Amino acid sequence: MSSALLPKPQMRRLLARRMKFHLFGAFFVSVGCAALYKFGVAEPRKRAYAEFYKNYDPMKDFEAMRAAGVFESAPPK
């Protein structure tokens, strides 16, 4: 009587079917996270570095550090 009321659970290929679902889900979540990191963190960081080095003068920075006495081999003038 109870077997007529409840359908039998499918036990064959259960792991394979669930694994396929979880692999596709994990793939799409990882691609989403990678895209979010690339466009949310990496690209703004690259733009910030490019903007910084566009106006950066290394000799001016060197002279400022030299005047502050940072270098032992290049004494302040």
Side-chain angles (χ1 to χ4, degrees):
M1 182 160 136
S2 65
S3 65
L5 298 176
L6 296 175
K8 292 178 92 175
Q10 180 186 0
M11 301 303 278
R12 291 180 190 263
R13 293 183 292 278
L14 181 63
L15 178 63
R17 192 177 68 220
R18 289 181 55 87
M19 184 70 71
K20 187 188 311 182
F21 173 75
H22 286 103
L23 280 175
F24 284 133
F27 175 75
F28 287 123
V29 167
S30 65
V31 166
C33 287
L36 198 75
Y37 180 81
K38 178 174 174 35
F39 295 114
V41 175
E43 291 297 323
R45 186 177 290 170
K46 279 200 279 189
R47 282 194 300 272
Y49 273 103
E51 182 65 31
F52 175 77
Y53 282 111
K54 191 183 304 181
N55 302 321
Y56 180 66
D57 184 16
M59 287 308 293
K60 180 181 166 189
D61 201 22
F62 171 73
E63 291 300 329
M65 287 190 281
R66 181 186 218 181
V70 174
F71 302 116
E72 290 180 11
S73 61
K77 287 185 176 179

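Quick caveat, the model's predicted, so the values are computed rather than measured.
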*Sequence neighbours excluded, which residues qualify as salt bridge (charged side-chain N to carboxylate O under 4.0 Å, His left out) partners of Glu72?*
none

*What residues, two or more places apart in sequence or in another chain, satisfy ring pair (Phe, Tyr, Trp, His ring centres under 6.0 Å) together with Tyr49?*
none

_Listed partners of Arg47 passing side-chain contact (heavy atoms from CB on, under 4.5 Å), at least two apart_ = Glu43, Pro44

*Return the set of residues passing ring pair (Phe, Tyr, Trp, His ring centres under 6.0 Å) with Tyr53 (not counting sequence neighbours), or none when no residue passes.*
Tyr56

*Mind checking what makes ring pair (Phe, Tyr, Trp, His ring centres under 6.0 Å) contact with Tyr37, not counting sequence neighbours?*
none

*What pairs with Glu63 under salt bridge (charged side-chain N to carboxylate O under 4.0 Å, His left out), at least two apart in sequence or on another chain?*
Arg66

Show which side-chain atoms of residues 14-32 pair as donor or acceptor with protein atoms under 3.5 Å away, not counting sequence neighbours.
from  : atom 1 : to    : atom 2 : distance (Å)
Arg17 : NH1    : Gln10 : OE1    : 2.7
His22 : ND1    : Arg18 : O      : 2.8
Ser30 : OG     : Ala26 : O      : 3.2
Ser30 : OG     : Phe27 : O      : 2.8

*Could you work out the complete set of other residues in the hydrophobic cluster of Val70, with links drawn between I, L, V, M, F, W and Y side chains under 4.5 Å apart?*
Met59, Phe62, Met65, Phe71

_Lys60: partners by salt bridge (charged side-chain N to carboxylate O under 4.0 Å, His left out), with sequence neighbours left out_ = none

*Non-hydrogen atoms of Gly69 and Pro76 that approach each other most closely*: CA-CG, 4.4 Å

